[in-house]
Amino acid sequence: MSERNSTVYCRNLEESVKIPVLTATLETLFSQYGTILEIIAKKNLRARGQAFVVFDSPEAAERAIKEVQGFNLFEKPMVLQYAKTKSDATVQLESSDAEFEAHKRRRLAEKERKQAHRAAESQKHLKRPAASGPSQGLGPDSRPAKKTQTSAPSAPGGLKSTAAPAAPQIPDEYLPPNKILFLQNLPDNATSDILNGIFGSFEGFKEVRLVPGRKGIAFVEYENEAGAISAKENTQGMSLGPDGSGIVKVTYQRQ
DNA sequence: AGCACA
C-alpha cells in the first residue's frame, strides 16, 4: 500500500485517448476534490494508460481516491493509488528552492539508475556479452538501441556466421553503479591534488588514479558503491576549468 | 501491469 501523498496515480486508463483530451478530462473530473497543481500523462509504451494528478494537499488526494476509485472513464474503471514518490510540483510548493533542487537531483539520479538497470537487463537477454576492451570507449549520447531485430542479418560475403550479432555497448551514462567512477574531459589544471580535494570528501573515498599518458581521464575508487553514487551525484557536470569550462563527465567504470 | 515530472 502506498503512503499518503498529494499525488494520485491513475492506471487502467483507456490508451487510445489522446493525451490532451485525457488530461483535460482528468482535470474536470478531479478538480472537484481540490486544487490541482498539474497532471502528468505520457503516451510512450511504458507510461501509457497512466496519469499523475498532483493536488495541493494529501487531503485532496485522499478525497479523490475515495470518491473516484473505480469510476468508469472512457469505458474503463480507473484504478487509483497514492503515487509512490512526491511530485516535483509538491516539493516545489512545500520546500525551499534548495530542497527542491536537491529533490530533482536525487530524482534524476534515481531515474538514471533505473535506466541503467533496464539497459543491463536487456543486455542480459542478448546472451553474447559486449566485448569489453581496455578502453572505456567514448559512447554516443544516445539511448541504447531497442532490440527490435527479429531475424538475424545474414553475414556479408555469403559466409554463414554462427555468432550472434555483437550486443551494442551500453552508453556510459547508463552503466550500472559500482564503486569506481570514471572521469572524462578533465582540464589540464585538474591535478591529482585537486581531484583528491574534490573527490576525497565523499564517504568511503579510497583513491584517485590518473592514467599515465592519457590526458583528461581518471578513476576514483570508493570503499563501496554508496560512496561512489553520492560522489557522482554531487560532482556530475562540475566545472573544473577557468570560468565554467572543463565540464567533467562522471560515470561509473565499465566493468 | 506499468510510478513521471525536459
Side-chain angles (χ1 to χ4, degrees), chain A residues 1-27 29-31 33-58 60-62 64-66 68-122 124-125 140-144 146-148 171-174 176 232-233 236-237 247 249-251:
Chain A
M1 291 277 87
S2 357
E3 265 187 40
R4 224 161 111 98
N5 188 303
S6 299
T7 298
V8 178
Y9 169 65
C10 316
R11 59 177 186 85
N12 199 39
L13 304 174
E14 173 54 49
E15 299 184 7
S16 63
V17 177
K18 295 271 181 282
I19 297 297
V21 177
L22 178 65
T23 52
T25 311
L26 291 171
E27 159 115 47
L29 178 62
F30 279 110
S31 56
Y33 305 99
T35 304
I36 294 173
L37 299 184
E38 68 175 337
I39 298 180
I40 309 277
K42 306 185 98 182
K43 66 163 193 286
N44 66 65
L45 188 61
R46 182 166 290 277
R48 65 180 55 161
Q50 298 152 76
F52 296 84
V53 180
V54 186
F55 284 100
D56 67 345
S57 73
E62 182 176 14
I65 291 178
K66 284 213 175 91
V68 187
Q69 189 67 268
F71 181 87
N72 252 49
L73 187 69
F74 303 110
E75 329 268 71
K76 295 187 71 176
M78 289 196 281
V79 179
L80 307 179
Q81 302 171 277
Y82 291 114
K84 280 186 190 159
T85 58
K86 280 194 182 190
S87 300
D88 287 356
T90 304
V91 179
Q92 187 166 33
L93 182 75
E94 296 177 349
S95 319
S96 67
D97 284 8
E99 283 173 290
F100 175 54
E101 292 309 321
H103 167 85
K104 280 201 291 190
R105 287 171 78 91
R106 256 176 285 132
R107 179 170 74 67
L108 263 10
E110 176 66 11
K111 177 177 181 170
E112 195 177 277
R113 225 201 76 232
K114 283 183 183 168
Q115 277 171 328
H117 180 76
R118 282 202 288 267
E121 281 298 302
S122 65
K124 262 195 247 172
H125 297 291
D141 278 338
S142 60
R143 308 172 54 85
K146 289 243 163 69
K147 51 155 196 168
T148 48
D172 293 352
E173 291 79 356
Y174 300 101
K232 178 173 184 287
E233 276 181 34
Q236 186 74 269
I247 300 296
K249 181 172 176 182
V250 184
T251 62

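Chain letters run A, B, ... following the sequence lines, proteins first, then strands; residues in each count from 1. Any value given below was found using the heavy atoms of this structure, including those in side chains, with hydrogens, waters and symmetry copies removed.
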- Mind running a 4.0 Å heavy-atom check of residues 101-112 of chain A against DNA chain B and sending the residues that fall below it, in number order? A/Arg107, A/Lys111

- Just call it for A/Lys114: base, sugar-phosphate, or nothing, with non-hydrogen atoms closer than 4.0 Å on any strand. sugar-phosphate

- Message: Is a donor from one side chain sitting under 3.5 angstrom from an acceptor on the other, for A/Thr90 and A/Ser6?
- Response: no

- Can a donor-acceptor pair under 3.5 Å be found between the side-chain atoms of A/Ser87 and the base atoms of B/dA4? yes

- For A/Gln69 and A/Lys66, indicate whether the former's side chain and the latter's backbone hold a donor-acceptor pair under 3.5 Å. no

- Task: Using a heavy-atom cut-off of under 4.0 Å over every strand shown, decide if A/Ala47 touches base, sugar-phosphate, or nothing.
- Result: nothing

- Query: Of the nucleotides B/dG2, B/dA4, B/dC5, which one has an atom closest to the side chain of A/Asp88?
  - Reply: B/dC5

- Rounded distance in Å - CZ (A/Arg11) to C1' (B/dC3): 11 Å

- Pi stacking test for A/Phe52 and B/dC5: under 5.5 Å apart, planes under 30°: no

- Task: Would you kindly give the CG-to-P distance between A/Leu45 and B/dA1, to the nearest whole Å?
- Result: 15 Å

- Item | For atom CZ of A/Arg118 and atom C1' of B/dG2, their distance in whole Å | 10 Å

- Message: Using whole Å, what does the distance between atom P of nucleotide B/dG2 and atom CG of A/Asn12 come to?
- Response: 12 Å

- Task: Please report the closest heavy-atom contact between A/Asn12 and A/Pro77, naming both atoms and the distance.
- Result: ND2-O, 2.8 Å

- Query: Between atom CZ in A/Arg113 and atom P in B/dC3, what is the gap in whole Å?
  - Reply: 13 Å

- Message: Determine whether a donor-acceptor pair (N or O, by modelled atom type, separation under 3.5 Å) exists between the side chain of A/Arg11 and the backbone of A/Gly49.
- Response: no

- Distance, rounded to the nearest Å, where A/Gln115 contributes CD and B/dA4 contributes C1': 12 Å

- Give the nucleotide from the list B/dC3, B/dG2, B/dC5 with an atom nearest to the side chain of A/Glu15. B/dG2

- More 5' along DNA chain B: A/Lys42 or A/Arg48, using each one's nearest nucleotide? A/Arg48

- Partner residues of A/Phe100 under the ring-ring contact (aromatic ring centres under 6.0 Å, His included) criterion, sequence neighbours left out: none

- How is A/Phe100 classified with respect to the nucleic acid when contacts are heavy atoms under 4.0 Å: base, sugar-phosphate, or nothing? nothing

- Query: Rounded to whole angstrom units, what separation is found between the NZ atom of A/Lys84 and the C1' atom of B/dA1?
  - Reply: 11 Å

- Message: As a quick check of understanding, evaluate salt bridge (charged side-chain N to carboxylate O under 4.0 Å, His left out) for A/Arg107 and A/Glu112, giving each step before the final call.
- Response: CA-CA 9 Å; A/Arg107 179 170 74 67; A/Glu112 195 177 277; over 6 Å; no

- Nearest-nucleotide comparison on DNA chain B, the residue closer to the 5′ end among A/Glu38 and A/Asn44: A/Asn44

For residues 18-27 of chain A, dump all side-chain donor-acceptor pairs below 3.5 Å to protein atoms at least two apart in sequence or in another chain.
residue : atom : partner : partner atom : Å
A/Thr23 : OG1  : A/Ile19 : O            : 3.1
A/Thr23 : OG1  : A/Pro20 : O            : 3.1
A/Thr25 : OG1  : A/Val21 : O            : 2.5

- Would you mind reading off the distance between A/Arg46 atom CZ and B/dC5 atom P, rounded to a whole angstrom? 12 Å

